[in-house]
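Notes follow once the structure below has been shown.
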Amino acid sequence: MSRRFWLFKSEPSCYSIADLKNAPESVDCWDGVRNYQARNFLRDEIQVGDGVFFYHSNIPQPAIVGLARVTRAGYPDHTARDPRSGHFDPRATLERPIWYMVDVQFVAAFPRPLARNEFRDHPALSGMEVMKRGSRLSVQPVSTGQWQAVLALAGIAEDP
DNA sequence: GCCAACGTTGGC
DNA sequence: GCCAACGTTGGC
């Protein structure tokens with residue numbers, strides 16, 4: 001399977017790209033996803049080496065703010081079994097974890113955030129999942145063309 | 001802060 | 001299996 005690309009959403013007040021950068025080795029687990037479609041991507045499709053757009057949602061200018069890379073493929077999200085976690089799910093067990101996560105590593109922050117509204121009229125980017133009205137999917141596939149178009153907009157010549 | 005859109009729950 | 005009610009997401 002060749003390298004694939006994804007967009008991960010996060011509210012920066014909850015977890016920002018700076019938080020990922022500042023994590024030990026700039027690696028962290030992407031926990032707390034509680035949506036089955038997103039879970040399926042995390043569990044079944046996302047592979048080590050895949051590219052990730054880090055997207056900040058629920059702010060005045062929602063934007064792709066940088067890049068990350070997958071360093072560990074899907075494994076059980078332990079926060080689902082932690083009653084003190086805000087993402088606790090009493091149905092999750094060791095044998096049946098229900099929820100999964102991956103590990104990602106910070107790669108780069110864009111020189112400036114690429115605001116969602118900049119994509120609206122872009123031929124390659126207006127069709128992104130994140131552009132769809134009412135889209136709530138927090139882990140989304142990104143096409144190779146979309147990946148390259150965003151890197152070009154960000155002024156990043158070489159795919160890091 | 002508003003509110004449309006969405007996913008989930010649960011009664012039937 | 002249907003669908004109304006509900007809680008949440010997320011752009012604006």
Side-chain angles (χ1 to χ4, degrees), chain A residues 4-23 28-46 50-70 73-104 106-143 145-147 149-155:
Chain A
R4 295 173 68 186
F5 306 104
W6 308 91
L7 181 147
F8 287 11
K9 267 191 222 174
S10 183
E11 300 190 23
S13 62
C14 175
Y15 189 89
S16 73
I17 193 168
D19 293 323
L20 177 58
K21 185 179 184 179
N22 295 330
D28 212 346
C29 55
W30 199 267
D31 63 5
V33 174
R34 297 293 180 267
N35 165 283
Y36 286 103
Q37 195 180 352
R39 186 281 308 269
N40 292 346
F41 289 135
L42 293 169
R43 186 188 61 186
D44 305 331
E45 305 211 28
I46 298 178
D50 283 1
V52 173
F53 288 143
F54 202 119
Y55 179 87
H56 282 174
S57 67
N58 229 340
I59 52 175
Q61 288 265 290
I64 299 177
V65 293
L67 305 176
R69 122 172 15 95
V70 176
Y75 64 106
D77 180 345
H78 55 76
T79 65
R81 294 188 301 107
D82 177 2
R84 290 163 305 172
S85 165
H87 302 298
F88 177 62
D89 183 342
R91 300 169 304 160
T93 64
L94 260 185
E95 299 73 24
R96 227 177 66 86
I98 306 180
W99 304 113
Y100 284 73
M101 59 188 181
V102 300
D103 286 354
V104 292
F106 172 85
V107 171
F110 289 161
R112 63 177 183 92
L114 293 185
R116 177 180 184 275
N117 61 25
E118 295 181 51
F119 305 154
R120 176 144 286 127
D121 298 320
H122 190 289
L125 299 179
S126 59
M128 290 186 84
E129 171 70 24
V130 76
M131 296 307 296
K132 291 185 186 154
R133 186 178 159 78
S135 170
R136 295 167 56 167
L137 192 58
S138 67
V139 173
Q140 321 179 348
V142 169
S143 74
Q146 291 162 348
W147 179 263
V150 168
L151 292 192
L153 270 187

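Every chain is numbered from 1 and lettered A, B, ... according to where its sequence line falls, protein lines coming before strand lines. Everything quoted here is computed from the prediction, not taken from an experiment.
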For A/K132 and B/dG7, what is the distance between atoms NZ and P respectively, to the nearest whole Å?
11 Å
Can the ring centres of A/Y36 and A/W99 be said to be less than 6.0 Å apart?
yes
Regarding A/Y100 and A/D44, is there a side-chain donor-to-acceptor distance under 3.5 Å anywhere?
no
Provide, to the nearest angstrom, the distance between the CZ atom belonging to A/R34 and the C1' atom belonging to C/dG7.
16 Å
Please list, by residue number, the residues of residues 50-59 of chain A whose heavy atoms come closer than 4.0 Å to an atom of DNA chain B; answer none if no residue qualifies.
none
NA contact type, A/R120, heavy-atom cut-off 4.0 Å: base, sugar-phosphate, or nothing?
sugar-phosphate
Calculate the interatomic distance between A/Y15 atom OH and C/dT9 atom P; express it in whole Å.
18 Å
Can you tell me the distance, in whole Å, between the CG atom of A/N35 and the P atom of B/dG7?
7 Å
Quick one: does A/N40's side chain have a donor or acceptor within less than 3.5 Å of a partner on A/Q37's backbone?
no
Is there a side-chain contact (heavy atoms from CB on, under 4.5 Å) between A/L67 and A/L151 once you walk through the steps?
CA-CA 9 Å; A/L67 305 176; A/L151 292 192; 3.7 Å; yes
Nearest whole Å is fine: how far is B/dT8 P from A/L137 CG?
11 Å
Within residues 36-44 of chain A: residues closer than 4.0 Å to DNA chain C (heavy atoms):
none
Indicate yes or no: does A/D77 engage A/R34 in a salt bridge with an N to O separation below 4.0 Å.
yes
Using modelled atom types and a 3.5 Å cut-off, is there a donor and acceptor pairing between side-chain atoms of A/H122 and backbone atoms of A/V150?
no
Proximity to the side chain of A/R91 - top-ranked nucleotide from B/dT9, B/dG7, C/dC12:
B/dT9
If you look at every strand shown and take non-hydrogen atoms under 4.0 Å, does A/S135 touch a base, only sugar-phosphate, or nothing?
sugar-phosphate
For the pair A/W30 and A/F8, name the ring-plane relationship: parallel under 30°, tilted 30 to 60°, perpendicular over 60°.
tilted
Does A/E129 reach the main-chain N or O of A/S135 with its side chain, forming a donor-acceptor pair under 3.5 Å?
no
Rounded interatomic separation in angstrom, taking CG from A/D89 and C1' from B/dT8:
12 Å
Nearest-neighbour nucleotide for the A/R133 side chain, C/dC12, B/dT9, B/dA4 considered
B/dA4
For A/Y55 and A/R116, what are the C-alpha separation, side-chain angles and deciding distance, and is it a side-chain contact (heavy atoms from CB on, under 4.5 Å)?
CA-CA 9 Å; A/Y55 179 87; A/R116 177 180 184 275; 3.1 Å; yes
